[in-house]
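Notes follow once the structure below has been shown.
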Amino acid sequence: MGSLGWAVLLSLLSVAAYASAAVAQERLAGSGHRGWSRWAAALLLTGAGAGLHVVALNFGTVAVVQALGTLTLLFALPIEVVRYRTRISAASWRDAAATVAGLALILSLSVGPDRPALLTEPVTRRLALITAVAVFVCCLGAWRAGPRGRAVLLAAAAGVAFGISSVLSKAVLTSFTTGGPGAVSATAALLVAAFAVCGYLLGQLSYQGAGLAAPLATVSVTNPLVAAAAGVVLFGEGVRFGSAGLLTVAVAALVMAWGVVGLARRSAATSTAGVPVR
């Protein structure tokens, strides 16, 4: 199995863990954040997803691995169906097909950079500052918004934090594999942990009072977009066929986002119409 194959396999396993963690987080928020077993389940599943995701980054580009992360909602949908004892509708299958089709195009056109994915210390610090400002602005907007707007803005902040955490993880892994432990930036390693924890906490807060659909869809779209943009700017990642390929990827991203948002709407309808299975 080649590098891309390993990246896809590990990313799919990561997505399955993250989807299960998202459902566990939504149930935890619904119980008022009470119950050690619920906290343990959410944390363990999130940790498993994060670990698999980091390993996948060692085999594929940031754009590819993060794009595969949009399948989280696709995996969460059948979990919600089992939980609420409903069927997957034809519209949900259509949205799932759009998500997979857009993702397949992105995977087929993405190419890795010609140089190692490394970041200098000044670039790392500037990236951290920009990320912190973006997260703060989203949180400030959430504080002033209504319940649904609050959930979306907090989820967007979580997506930004997760996306940049993945970008920094890629840089840390590349430093380790090319220069050994001594080449790893302590600042970058600490920022990976800080942004990952920040994203987890903001994601958990976003589920409170808004259900699973809107926050998960927002994270699923924001995370890969932020990470892919950073990968292009910082690592030189690109696409095949020049401008035509770039336009195709942009269209594929829109199709994929449309599918993800549609899946979120179906999931919201399921969670409000069904009776939870206890």
Side-chain angles (χ1 to χ4, degrees), residues 2-12 14-15 53-54 56-74 94-120 123-124 126-128 130-131 133-134 138 155-171 173-174 195 199 217-264:
S3 295
L4 179 60
W6 279 112
V8 171
L9 176 60
L10 291 167
S11 295
L12 290 177
S14 172
V15 163
H53 180 83
V54 168
L57 284 168
N58 195 44
F59 291 97
T61 64
V62 174
V64 166
V65 174
Q66 296 303 113
L68 285 163
T70 61
L71 295 178
T72 301
L73 191 56
L74 189 62
R94 180 197 65 206
D95 294 329
T99 303
V100 173
L103 177 60
L105 269 176
I106 292 173
L107 291 178
S108 64
L109 293 175
S110 297
V111 293
D114 297 328
R115 63 180 187 273
L118 297 172
L119 296 177
T120 63
V123 171
T124 299
R126 284 197 295 270
L127 179 62
I130 293 170
T131 304
V133 170
C138 287
V160 171
F162 279 135
I164 298 304
S165 177
S166 294
V167 170
L168 291 170
S169 295
K170 177 74 173 177
L173 282 170
T174 303
F195 284 135
T218 302
V219 171
S220 298
V221 172
T222 305
N223 184 341
L225 287 178
V226 169
V232 170
V233 174
L234 299 174
F235 299 146
E237 295 179 0
V239 297
R240 293 184 177 89
F241 311 124
S243 299
L246 187 61
L247 179 62
T248 303
V249 166
V251 172
L254 289 175
V255 170
M256 188 171 61
W258 177 74
V260 168
V261 172
L263 284 171

Q. Roughly how far, to the nearest 0.5 Å, is CZ of Arg94 from OG1 of Thr99?
A. 10.5 Å
Q. Do the side chain of Glu237 and the main chain of Thr61 share a donor and acceptor less than 3.5 angstrom apart?
A. no
Q: Might you point out which heavy atoms bring Ala158 and Val219 nearest each other, and give the distance in Å?
A: CB-CG2, 4.3 Å
Q: For residues Val239 and Val249, report the shortest heavy-atom separation together with the two atoms involved.
A: CG1-CG2, 3.6 Å
Q) Once you round to the nearest 0.5 Å, how far does CG of Asn223 lie from OG1 of Thr218? A) 12.0 Å
Q) Do you know which two heavy atoms are closest between Ala98 and Gly259, and how far apart they sit? A) CB-CA, 4.2 Å
Q: Looking only at non-hydrogen atoms, find the nearest pair between Phe162 and Gly199 and report the distance.
A: CZ-C, 3.3 Å
Q: To the nearest 0.5 angstrom, please state how far the OG1 atom of Thr124 sits from the CG atom of Leu119.
A: 4.5 Å
Q.
Within this structure, what is the CG-CG distance for the pair Leu118 and Leu173, rounded to the nearest 0.5 Å?
A. 11.0 Å
Q. Should Trp258 and Asp95 be marked as a side-chain contact (heavy atoms from CB on, under 4.5 Å) after you check the CA-CA gap, both sets of side-chain angles, and the distance that decides it?
A. CA-CA 7 Å; Trp258 177 74; Asp95 294 329; 4.1 Å; yes
Q.
Treating Lys170 as the side-chain partner and Val62 as the backbone partner, does any N or O pair qualify as donor plus acceptor under 3.5 Å?
A. no
Q: Drop me the distance from Phe241's CZ to Leu246's CG, to the nearest 0.5 angstrom.
A: 13.5 Å
Q: Please answer whether the main-chain N or O of Leu10 pairs with a side-chain N or O of Ser14 as donor and acceptor at a distance below 3.5 Å.
A: no
Q | Pairwise side-chain contact, Val54 with Asn58, heavy-atom cut-off 4.5 Å (strictly under) | A | no
Q) Could you go step by step and tell me if Thr248 and Leu105 meet the side-chain contact (heavy atoms from CB on, under 4.5 Å) rule? A) CA-CA 8 Å; Thr248 303; Leu105 269 176; 4.2 Å; yes
Q) What heavy-atom pair brings Val65 and Ser11 nearest, and what distance separates the two atoms? A) CG1-OG, 3.6 Å
Q) What heavy-atom pair brings Gly163 and Gln66 nearest, and what distance separates the two atoms? A) CA-NE2, 4.3 Å
Q: Please round to the nearest 0.5 Å and tell me the distance separating atom CZ of Phe195 and atom OG1 of Thr131.
A: 4.5 Å
Q. Is it true that a side-chain atom of Arg240 and a backbone atom of Ser108 form a donor plus acceptor pair closer than 3.5 Å?
A. yes
Q.
Donor-acceptor check, side chain of Ser165 to backbone of Ala161, threshold 3.5 angstrom: yes or no?
A. no
Q: Please assess Ile106 against Val64 for the test side-chain contact (heavy atoms from CB on, under 4.5 Å), listing each intermediate value before the final yes or no.
A: CA-CA 7 Å; Ile106 292 173; Val64 166; 5.8 Å; no
